[in-house]
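Numbers restart at 1 for each chain; the letters A, B, ... are given by sequence-line order, proteins then strands. Since this is a predicted model, take the numbers as computed values, not measurements.
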Number of protein chains: 2
Amino acid sequence: MAITRAISDPSRVRILLALRQGELCVCQITGLFGFAPSTVSKHLSILHQAGLIQSRKTERWVYYRLAGKSAPAAAREAIGWVHKSLGRTGEAARDAKNLKKILATDPAEICRRQRC
Amino acid sequence: MAITRAISDPSRVRILLALRQGELCVCQITGLFGFAPSTVSKHLSILHQAGLIQSRKTERWVYYRLAGKSAPAAAREAIGWVHKSLGRTGEAARDAKNLKKILATDPAEICRRQRC
DNA sequence: TGTATATTTCGTCAAACAACTAAATGATTA
DNA sequence: TAATCATTTAGTTGTTTGACGAAATATACA
């Protein structure tokens, strides 16, 4: 049930879709959505608790990525369903486009820009 | 997103699991859960709007069943995930056990008993 | 036709939730 | 050591949600 609750929020689904491109740090997701860092952090915490994403801390940044082979089948299959069934919307395409711009920028500059 | 919202509530998941046994009328589900009929009706409405269940009206009763072949793939796959990933809990087993008793009783008597 | 009966709709209330700001934490750099 | 930076935690606020009871709808029966 932690999984169903986690994917019931549109912003968290957007995060799961964005992470298809690879791992992202908190400030990159913040830059993508325009939410406050604390809001993004909370969403990531819920996704993490549901076993849908994993994290890696390096230098100043925490990177989040989709749960891999080590994750329970229920989580992996939920991720697959989200990508397949919710990944073709206009919003997803728009996010992917904006994400490209963000990925072309150094994370440090993104953080400086949003003063996070 | 209607699907993710629909399966984010534990009671609605319980309904989807109960419907594995076959179609059920509103008063049978009401008897299984102990909720007010209006509460069950609302849950069924949300599941129906998400395309996860279908309904059939006959005589005085409305029977609900899991969405079949005609339903969109996203809905059918969500149902499959729910059954596979959430159908093995103790609560699901308890519900299935209680449901057997309810199925052994005439729907009319169930309704009379709960004055619905 | 009138009266049950089964379900749905409406209105209300308390609990849960997502967003924010501000403060705390933890790690790096001067 | 002090300062800065990225993230998290705490606390607040407005909105959504799930529960109920009462009224409305629709169907069957007397």
Undergrad: Rounded to the Å, how far apart are B:Tyr63 OH and C:dT7 P?
TA: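 Spelled out: OH on B:Tyr63 to P on C:dT7 is 8 Å.
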Undergrad: Can you tell me if the side-chain N/O atoms of B:Ser38 get under 4.0 Å from OP1 or OP2 in C:dT8?
TA: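 Indeed not, no polar side-chain atom of B:Ser38 lies that close.
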Undergrad: Is it the case that over 12 heavy atoms from other parts of the model lie below 6.0 angstrom from the CD atom of B:Gln21?
TA: yes
Undergrad: Rounded to whole Å, please give me the gap between CD in B:Glu59 and P in D:dT25.
TA: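 To the nearest whole Å, that distance equals 24 Å.
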Undergrad: Indicate the ring-plane relationship of A:His48 and A:Tyr64, choosing parallel, tilted or perpendicular according to the 30° and 60° boundaries.
TA: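 The rings of A:His48 and A:Tyr64 stand perpendicular, inter-plane angle above 60°.
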Undergrad: Could you state the atom-to-atom distance from CG of A:Asp9 to C1' of C:dA16 in whole Å?
TA: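 In whole Å, C:dA16 C1' and A:Asp9 CG are 13 Å from each other.
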Undergrad: Given C:dT7, D:dT8, D:dG18, which nucleotide is nearest the side-chain atoms of B:Cys27?
TA: C:dT7
Undergrad: Using whole Å, what does the distance between atom C1' of nucleotide C:dT5 and atom NZ of B:Lys57 come to?
TA: 12 Å
Undergrad: On the nucleotide D:dA6, are OP1 or OP2 found under 4.0 Å from the side-chain N or O atoms that A:Tyr64 carries?
TA: no
Undergrad: Would you say B:Ser45 places a side-chain N or O within less than 4.0 Å of OP1 or OP2 belonging to C:dT9?
TA: no
Undergrad: OP1, OP2 of D:dT17 versus side-chain N and O of B:His43: anything below 4.0 Å?
TA: no
Undergrad: Below the 4.0 Å mark, does D:dG18 have OP1 or OP2 next to a side-chain nitrogen or oxygen of B:Arg12?
TA: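 Answer is yes, contact under 4.0 Å.
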Undergrad: In terms of side-chain heavy atoms of B:Ile46, which of D:dG18, C:dC17, D:dA19 is nearest?
TA: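 Per side-chain heavy atoms of B:Ile46, the pick is D:dG18.
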Undergrad: Write down the distance between CG (B:Leu44) and C1' (C:dT9), rounded to a whole number of angstrom.
TA: 14 Å
Undergrad: Flag yes if more than 12 heavy atoms outside B:Gln49 fall under 6.0 Å of its CD atom; otherwise flag no.
TA: no
Undergrad: Show the nearest heavy-atom pair for residues A:Gly31 and A:Ile102, with the distance to one decimal.
TA: C-CD1, 3.7 Å
Undergrad: I'd like to know if the side chain of A:Ser70 pairs up with that of A:Gln54 as donor and acceptor (distance under 3.5 Å, no hydrogens or angles considered).
TA: yes
Undergrad: B:Lys42 NZ to D:dA23 P: how many Å, rounded?
TA: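 Checked: the NZ to P distance equals 20 Å.
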Undergrad: Let me know the distance between CZ of A:Phe35 and P of C:dT21, rounded to the nearest Å.
TA: 13 Å
Undergrad: Pick the nucleotide of DNA chain C nearest each of A:Arg60 and B:Val40; which residue has the one closer to the 5' end?
TA: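 Nearest nucleotide further toward 5': that of B:Val40.
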Undergrad: Would you mind classifying the nucleic acid contact of A:Ala36 as base, sugar-phosphate or nothing, using non-hydrogen atoms under 4.0 angstrom?
TA: base
Undergrad: Between C:dA18 atom P and B:Met1 atom CE, what is the distance in whole Å?
TA: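 Going from B:Met1 (CE) to C:dA18 (P), I get 11 Å.
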Undergrad: Is the distance from OP1 or OP2 of D:dA19 to the nearest side-chain N or O of B:Ser11 less than 4.0 Å?
TA: yes
Undergrad: Hey, does the side chain of B:Ser41 come within less than 4.0 Å of C:dT8's phosphate (OP1/OP2), counting only N and O?
TA: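 It does, given that an N or O in the side chain of B:Ser41 lies less than 4.0 Å from OP1 or OP2 of C:dT8.
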